Each structure stands twice: as C-alpha cells, then as structure tokens.
Undergrad: 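Please read through the structure below; I'll follow up with questions.
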Amino acid sequence: MLIDTKYDPSEIEGKWLQYWLDKGFFKSTPDEREPFTIVMPPPNVTGQLHLGHTLNNTLQDILIRKARLQGKNACWVPGTDHASIATENKVIEMLAEKGINKKDLSRDEFLKYAWEWKEKYGGIILSQLKRLGASCDWDRTAFTMDDNQYQSVIKVFVDLYNKGHIYKGVRMVNWDPMRQTALSDEEVYYKEVNSKLYHVQYQVEGTADFITVATTRPETILGDSAICVHPEDDRYLHLKGKKAIVPLVNRVIPIIFDDYVDKEFGTGALKVTPAHDENDYKLGMKHNLEIIDILNADGTLNEKAQLFVGKDRFAARKLIAQSLEEGGQMVKVEEIRNKVSCSERSHAVVEPKLSMQWFCKMKDLAEPALKVVLEEELKFHPKNAVNTYRHWLENINDWCISRQLWWGQRIPAFYFGTGVNDFVVAETAEKALLIAREKSGNVNLEIADLKQDEDVVDTWFSSWLWPTAVFNGINDPGNADVKYYYPTNVLVTGQDIIFFWVARMIMAGLEYEHEIPFKDVYFTGMVRDKQGRKMSKSLGNSPDLFEIFDKYGVDGVRVGVLFSSPAGGDLIFDEKQCEQGRNFANKIWNALRLIKGLEITETESTEHNAVFEWFENKMSESLVKINDAFDKYRISDALLETYRLIWDEFCAWYLELVKPEFGQPIARNVLEKTIQYFEELMILLHPFMPFITEEIWQKLGERKAGESIMLLKWSSKKSNNVLVLQQGEIMKDLVTGIRNVRNQNNLSPKESLEVKIKTPQRENYAVFEHLVRKLANVSTLEYVLEKVADAKSFLVKTDEVFIPLEVNAEDERERMLKELEYNKGFLISVEKKLSNERFVQNANPQVIDAERKKKADAEAKIKMLEEGLAGM
RNA sequence: GGGAGCUUAGCUCAGCUGGUUCAGAGCAUCUGCCUUACAAGCAGAGGGUCAUAGGUUCGAAUCCUAUAGCUCCCA
C-alpha cells in the first residue's frame, strides 16, 4: 500500500493547505470560547518572504495552532504595511524604467501608479506565507492603507492634535537630501568612515590674534554664527566680549562662553552652526544666535552661503578646504575615523536640517507605556529587553511624524492663509471648512480656498494602531470584534523594532483602548548565516527559501528554523538543520509504514500492558515539559522535547517493544493502542509540522470528509506513576548493557545470550522481562543471589548483571579495578562533604539526604567490586 | 561616549532559587552494521581547566569584582 520508504512532501503539503483553506479552519468569529489572538507584524507590501519572516511567522503559527488545539478560539490576523518610503522608492524605480519622472506627475497620477503597483505585487508575500502553512484568518487580511486603516490614522491624528499632543514646528530633523524628506531618528543609522578633521583659523576682530577650531564639515563655516569656548578655559578668557571673523565670507560673529564645550577636545574652541547641527542649534537658541541655513533641500548650497552657490555639499566641502588652504587659514588637516548618519532608505548621508514639520509629543504617552511593562502587566521575553525599552522611554524625544512623500496617509491639515497659524486640522475638508471659517473670521471661505498639507505621516504612525485598527477599534470603538479579541495575547517580532513599533503600539493601545495591546511580547533575534554574518542582499548570503522548501519540505524547514534559533536567540541559519527536520519527517513516515504494514489478529494480548502503562506515563512526563516550555516561550525546547518523545521513546523503544516478530501478526488491541498513541503524538507535533501530521493522522484511520487533525484536542493527561517510569529506565539500561557486551565482544545480534541478574528487587525487572528477551535476544534470563564466575558483567543502578562468556580475566580485572578506583574517589569526596560540620549545619536537609544516599550507593558498589575481584 | 548582553565539546546552545555521577543536549566526527518500518536508518565510542585573574562560601559553570574578546541598541 505505501511503497516509498522516503517521505515526499511536495504534493501532500499543497493538498492539505488547500483543504484547510477550503474548509475554513483558520477562520475565527467571536463566540463563547476563550479567544487567543495574534496580530501579525505586517511585512512590507514590497517584501518577499525571507528567513526573518519565516522564523517569525513559524513561531506565531505554532502558538496559534497550539491554542486552537487547546480549544481556544484562535485568531491570527495577517496583513501588510504600506511602507511609505520603501514602496515609494519601488514605484519611483518602476516609473524610471518606463522613463517617467515623479516630478512630472501630479499627486493623484503618482498614487494611481502606486496602487497599481500594490495590486500587482502586494499579494506576493501573503501567498508565500500561506505556503509556509501560516494558519491566519485570511479573510481578515488588512493593509495599513486600506480605508479603515486610513480613516483610523486620520481620526487619531485629529484627536491627538485636539488634545495638544501634535504640533507643528521648526525643529532640527534628519534630512534625506536624496529623497528630500525628513526621517525619524529611528530611520537613521551610523556608519563609520574615514574623514578629515580640518583645523581652521578665525581672526579675532580688531587684533592680530587667531582662534583655531576643528571641524569635519568645513562647508558649514559659511553658516557659522558664533565661536564657543568653555567659560573656565584659561586659554580663551581674554577673548570675552570679542568677536571673530568667519573666513572667506568675513562675517563678524560673537565669541560666546558655555560649559557645553569640552575643553579637552580638539582646540577647545567650537564653531557654532545652528542651522546644521543639533547641538549647535540648542546653543543657538540659548544664546540667541542668528540661524543661517545654507543648504537647499537637495543638499546644494543656497544664496545664504554666499560662496559656491548651487554646488553640492560634498563638492563645496572640497572647494572650501582648498580656498582656506590658499588663504593660509588652514592650520592642519588630520585623518580621522568618525561616524556619519545615513538614511536607512536611500543610504545618503543625512543632513541635520531646520525644517517645518509635524511632531507628536511623547512624554505623556510614554509614561503609562513604561509603567505597564515595568509592572509586568505586559511581559517581555526575553526579559532583558525591558532595560532597552526603559532606557528609550525615559529619554524619549518628540516624534517627527511628517514625511515629504505621497504614498501614505495625507496629513489632515488645511491651510486657509499664508500665516504661520492659518490652518486647521480636521478629518475632512468639509469639517475643516467650518472650523476655518470660524478661525479666520471669513465666512466666505470655500473648500476650494483650503489647501491640504502636502505631506503624509510616518508609516509607523499607522502601524502603531495595528492591534486596534485591524478590529476597527478606532472607527467603531467597542465593536464586537475589538471587545472580544483585544487585548491580543502575544506579539512575536524582532528586537530591532522595539522602539519603532512595539513601544508605540503600547502607547496607542493605552490611549485608545485604555488597555495594553498584547499580554506578552516574544522578541526574536536577528537572522545570520553560518558565519554569523547578517543576512543581506549585498552579501548575497540569503538563501533562496523556495528552493529550500522544495528540498526539505515546509515542515522540514519549519523545524530547521526552530532548531537554528534556540529559545529566541539569533537565527543562525544552516541548511543542515532543515535536513534534520526532513529526516525527522521521514522517521515518522516510516513509523506509519510499519504500522500500516502489519497483519492483524483478533486474539487479545495482555503481554504489553506494562508497555502501555510505561508509555502513557512517558507521554505525560513529556507533556509537562512541553507545556512548561510553551508557557515560557521556549518554543525550540518544546520542539526538541516532542522530537525526543517521538523518535527516542516512541520509535526506538515503544514500537520495538510492541512490534511482532517477523511475519507475525499484531493483536488488534495492541495495534489500537499504538494508533491511539501515534495520534496523540501527531497532535503534539502538529503545531510544529502541520502538514505531515495531518497526512499521518488521516492515514491512521478511516476519516470522514471534513475531519482534520486541526479539530482534535491537545492532551491534558496527567498520569504520574514514578515506579513504572523507573522500571522502564531499568529495562532500557539492561537492554543497552547487553547490547554493549555484544558490541564489545563482536557478537552478532543473531546470537542469543544468557543473562543472570543479581538483584534484591526482582519485581523491577519482572514486568518487562519477556520484552527484554526479545529486544536483546536473550535466551534465558534468570535471577541469582551470588556472583557468576566466568562472565561479563555490568551494572544497572546497583544491580549486577552477568553474561556467561569466555572472558579474558586480565581485561575484566582491569576494568573492575578502574571502576573501583573511580568509586573510591567518589566516596572520599562525598565523605569529605558529610564530615564537614559546616556543611551538615548549613546545607539544605534534602541535599544532605542526597549525599548520604550517594555514600551508601558508592559503598555498595565498592563492596560488590571488591568481592568480585576477590573471587577472581 | 551611554546602555544591554554574550564567552560552556568541532558547531549551535541548555544548565531556572549555588549542592544528585554536574559538566549536558542536538548536530558534526569516529567505529561497526544494508539486523525485512526507516542508510534521510540502527548499535556504540571519543571529545570541554565552563574566556582570564581574583573574591564570597562548607561548596561556584552558577554569586561578586576586575581584565580581555565579541554582539546589539542608543547618541
């Protein structure tokens, strides 16, 4: 019936995926059951499935599938993020290929192209997630730019504006001159580069004196409005009240004193350019300095620079250095390594730039968000992420939420005049008009007179509403879905977006639902290759996932990814681990082949009752460990325990114990038990390997249409018979010991052996006796009171086992002496401990008892060995 | 510069409130087996001064301090 000894997942996976989708097993609607909810971190709509998603979504799927098996109403909401900058870049690239320049398009025309692009490519990653087996309620698929989400964002913007959290202002922002947009602090990364530190002389006005400053950005000299030195710096005290002359442009600027300056750094004198440096800006505000912005939006110099107008900032830098050199004002040029900030989107060097932007005040939002985490109402796994979180929230800056882009939610601010305050904020133009008429006092204002802000909000300003907005909680507060599913149970995401996203979702959740958005956050690590390098396009070390799916099966890859990522650490990807997953699938497949290949006899058998008892206890024992690992979000530990239970206990021991001899039939009752256990094991494994477990379960019995392993129940067994577990271990030790003797003596497994056991507790062996005979090919098994001469021996716990064989007395003697020596040494260390008064006084009584038992055991072994040696 | 973390077998990591024969697992390696479920397998074996140096303790991989190396986050 089942021919191939190799499991072939290719057709099976597609078949069951379609079946699950057709039957609607992933769907969820509110009912009386306990909900278990996860909202998927929405991948960029531009994205393709990579290993990071695979890890992340496999973990979520495992949690969701387990909850579903536990009878909870599991709901996993999928979706994509419109990713304003990333997508806009893609669309611009696409247009460029067609020979179209964004600048030649109107906003509406551009957005039309963008939506077309989204419709065409935006579904790719979702279908890839389906292939992974992600059991999302696909009917709930959300997109951060769909109507509901768009309206939610606008509503929240207006609300926060009205509450005074959102304001418009001129601030120093990170400016990306290539994309010509502001970036949030989080979208900037720092790159270490070789650069030059220029030491430039400024003449002190009316003297022949010079003051030297050091700068890496000499072009900003043109925007200087002061020189600053430390008020206690003896070198410069005489310059109090003096002015300096800016080289090249000969502007006269004040020399100011502020303890912000580090006396030790460079020359101790700092040039202050308030328009082009965050710290200089602060100094400028404090000392009321002129702000001279010398850069255009595209990074070229403007008229305020006076020189090199129209030149790019980097070209200007060289030209200015040259001019200073020629004018004799360059004291020296040093080679240094420093860090420059770059845009995550365009990788261009970011300019600190003064710009009119929209901001969201964070302090009031941050406080409650910090509290719920510190008080563990909301738990982080691993725990140490709390430190990072706290540090950020305690030092939080206002959030620059405007972006000079088109693809995104357009800021709902409407301008009715040219004055700084001639605008209103409202959800629609109609509403804006009413307010604008009032504010302006001009009752004749019409919608046509209003001009909406050109900017959109930061992408994260939509995704921070995700856990609420996917249930329409912002537009329809308190609706049945949001009441049932919110707060969600767990968020699974990367540590890298703890600030961008996690912290802000907590803020938004508390602000709009007055409740945390999720109870637990499981942070995954970073994805690296075998050499520990980050996966990146430029390194080309990102494997082709679909090739790997084909090669090892999706189940195999899911297992491989988990094995590569122990307990939430970094994912160090190695294909080898997928091979292990595939081999595991094959092992299970062959267990099925064994069971399906057996002939059945109706004769009832009782000889395996002890085995059933033992295996049921073994499963319970593992179940406790598995559940515990799940509770602690140690998902790969849960998998490893399941793997061991199935491979080592079920396949290697249980099946071998119940397997009839070759050609013999199996008793129906034994087969039924076996199938029952196999089914239970498949349920435990299902969250990890959904496809093969469905296939096996379907094949294990007669199934009706519409049945599925997904609809079964997670075991809640709790047998705990310690004795039978111990007897099982004794049985294994005995079998292993006999096999060892065979191995060491080059005896074929076909040659049966006599075994004699010297034990005061025969009952420990009795229950499994007949099985040991079979597993270890034992001809006679008997119990003895005395040592057996001319035999190989080994220990099972403290019992001695003898196998009569030709023995080399000298070898045996040596082995025993070695063992004796070891035990004597061990005894000494135990006795030392026990004779130490302070140990006996201070140690826990249980520990002392354990030590006494160790002592007794060691003494017994020593006695036995000594007797044995004496008898030789 | 500030913060967090890591360093245990060849590799990836467990080791929870110090105390079982505590030095572990999986993979890899080696040896022997095509033993009729499975060579994608079976039966075995070897392999580590728990980064280094101090300290606390009756007792330290585990707690403390310093040093070195690595990683991440923030400025």
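Everything quoted here is computed from the prediction, not taken from an experiment. Order of the sequence lines sets the chain letters (A, B, ...), proteins ahead of strands, with each chain counted from 1.
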Undergrad: Roughly, in whole Å, what's the span from CD in Q577(A) to P in C27(B)?
TA: 10 Å
Undergrad: When the ring centroid of Y389(A) is compared with that of F499(A), is the distance short of 6.0 Å?
TA: no
Undergrad: Identify whether any heavy atom of E661(A) sits under 4.0 Å from a base atom; if not, whether one sits that close to sugar-phosphate; answer base, sugar-phosphate or nothing.
TA: nothing
Undergrad: Rounding to a whole Å, what distance do you find between L598(A):CG and U36(B):P?
TA: 15 Å
Undergrad: Report yes if at least one side-chain N or O of Y643(A) is closer than 4.0 Å to OP1 or OP2 of C27(B); otherwise report no.
TA: yes
Undergrad: Now, which nucleotide makes the Watson-Crick or G-U wobble pair with U7(B), with each of the two distances under 3.5 Å?
TA: A68(B)
Undergrad: Between U17(B) and C11(B), how many Å separate the two C1' atoms, rounded to a whole number?
TA: 31 Å
Undergrad: Check the orientation of F650(A) and Y654(A). Use parallel for under 30°, tilted for 30 to 60°, and perpendicular for over 60°.
TA: parallel
Undergrad: Would K551(A) and E575(A) count as a salt bridge (Lys or Arg N to Asp or Glu O under 4.0 Å) if you check the C-alpha gap in whole Å, the side-chain angles of each, and the deciding distance to 0.1 Å?
TA: CA-CA 10 Å; K551(A) 205 162 155 196; E575(A) 261 191 58; 3.1 Å; yes
Undergrad: Round to a whole Å and report the spacing from CH2 of W392(A) to P of A75(B).
TA: 10 Å
Undergrad: Do you know which of T674(A), V658(A), I666(A), N590(A) makes side-chain contact (heavy atoms from CB on, under 4.5 Å) with I595(A)?
TA: T674(A)
Undergrad: What interatomic distance, in whole Å, is found between C1' of U8(B) and the corresponding atom of C74(B)?
TA: 31 Å
Undergrad: Which base, if any, makes a Watson-Crick or G-U wobble pair with C30(B), both distances under 3.5 Å?
TA: G44(B)
Undergrad: To the nearest angstrom, how far is N279(A) atom CG from A75(B) atom C1'?
TA: 9 Å
Undergrad: Here's a test of your reading of the structure: between K632(A) and L655(A), which maps to the more 5' nucleotide of RNA chain B?
TA: K632(A)
Undergrad: Taking atom C1' in both A61(B) and C73(B), what distance in whole Å separates the two?
TA: 28 Å
Undergrad: Just how far, in rounded Å, is P of A40(B) from CD of E579(A)?
TA: 9 Å
Undergrad: Tell me the partner of G19(B), counting only Watson-Crick (N1-N3 plus N6-O4 or O6-N4) or G-U wobble (N1-O2 and O6-N3) with both under 3.5 Å; none if nothing fits.
TA: C58(B)
Undergrad: Using 30° and 60° as the class boundaries, would you call the ring planes of F380(A) and F523(A) parallel, tilted or perpendicular?
TA: perpendicular
Undergrad: Using a cut-off of less than 4.0 Å, is there contact between a side-chain N or O of R634(A) and OP1 or OP2 of G15(B)?
TA: yes
Undergrad: For nucleotides C63(B) and G18(B), find the distance between their P atoms and express it as a whole number of Å.
TA: 8 Å
Undergrad: What integer number of Å spans the P atoms of C22(B) and C58(B)?
TA: 25 Å
Undergrad: Nearest whole Å is fine: how far is A40(B) P from K576(A) NZ?
TA: 11 Å
Undergrad: Kindly indicate whether the side chain of E656(A) and the base of A37(B) share any N or O donor-acceptor pair separated by less than 3.5 Å?
TA: yes
Undergrad: Provide the distance between the two C1' atoms, one in A14(B) and one in C50(B), to the nearest whole Å.
TA: 13 Å
Undergrad: Out of A37(B), G3(B), U36(B), which has the shortest distance to the side chain of F662(A)?
TA: U36(B)
Undergrad: In whole angstrom, give me the gap between the C1' atoms of U52(B) and G47(B).
TA: 23 Å
Undergrad: Taking the minimum atom-to-atom distance to the side chain of T5(A), which one of C38(B), A28(B), A25(B) wins?
TA: C38(B)
Undergrad: RNA chain B: N397(A) or N590(A), which has the more 5' nearest nucleotide?
TA: N590(A)
Undergrad: Inspect the contact between K353(A) and E278(A) and indicate whether a charged nitrogen and a carboxylate oxygen are less than 4.0 angstrom apart.
TA: no
Undergrad: Please write out each protein N/O paired with an N/O of nucleotides 41-44 of chain B under 3.5 Å, distance rounded to 0.1 Å.
TA:
{"from": "G41(B)", "atom 1": "OP1", "to": "N583(A)", "atom 2": "ND2", "distance (Å)": "3.3"}
{"from": "G41(B)", "atom 1": "O3'", "to": "K587(A)", "atom 2": "NZ", "distance (Å)": "3.2"}
{"from": "C42(B)", "atom 1": "OP1", "to": "K587(A)", "atom 2": "NZ", "distance (Å)": "2.9"}
{"from": "C42(B)", "atom 1": "OP1", "to": "W647(A)", "atom 2": "NE1", "distance (Å)": "2.8"}
{"from": "A43(B)", "atom 1": "O2'", "to": "N743(A)", "atom 2": "ND2", "distance (Å)": "2.9"}
{"from": "G44(B)", "atom 1": "O3'", "to": "N740(A)", "atom 2": "OD1", "distance (Å)": "3.4"}

Undergrad: Tell me, with the steps shown, if K732(A) and E649(A) meet salt bridge (Lys or Arg N to Asp or Glu O under 4.0 Å).
TA: CA-CA 10 Å; K732(A) 289 184 188 172; E649(A) 305 300 343; 2.7 Å; yes
Undergrad: With a 4.0 Å limit, can you tell me whether K596(A) has a side-chain N or O closer than that to the phosphate oxygens OP1/OP2 of A37(B)?
TA: no
Undergrad: Between the side chains of E351(A) and R217(A), is the shortest nitrogen-to-carboxylate-oxygen separation below 4.0 Å, so that they form an ion pair?
TA: yes
Undergrad: Start with the C-alpha gap between K379(A) and E376(A), add the side-chain angles, then the distance that decides, and say whether salt bridge (Lys or Arg N to Asp or Glu O under 4.0 Å) holds.
TA: CA-CA 5 Å; K379(A) 293 197 189 76; E376(A) 294 199 337; 5.5 Å; no
Undergrad: Could you check which of C38(B), C73(B), G5(B) has an atom nearest any side-chain atom of T388(A)?
TA: C73(B)
Undergrad: From CZ of R582(A) over to P of C38(B), roughly how many Å is that when rounded to an integer?
TA: 17 Å
Undergrad: Could you work out the separation of G59(B) and C6(B) based on their C1' atoms and round it to a whole Å?
TA: 27 Å
Undergrad: Using atom CG of D8(A) as one end and atom C1' of A40(B) as the other, report the distance to the nearest whole Å.
TA: 13 Å
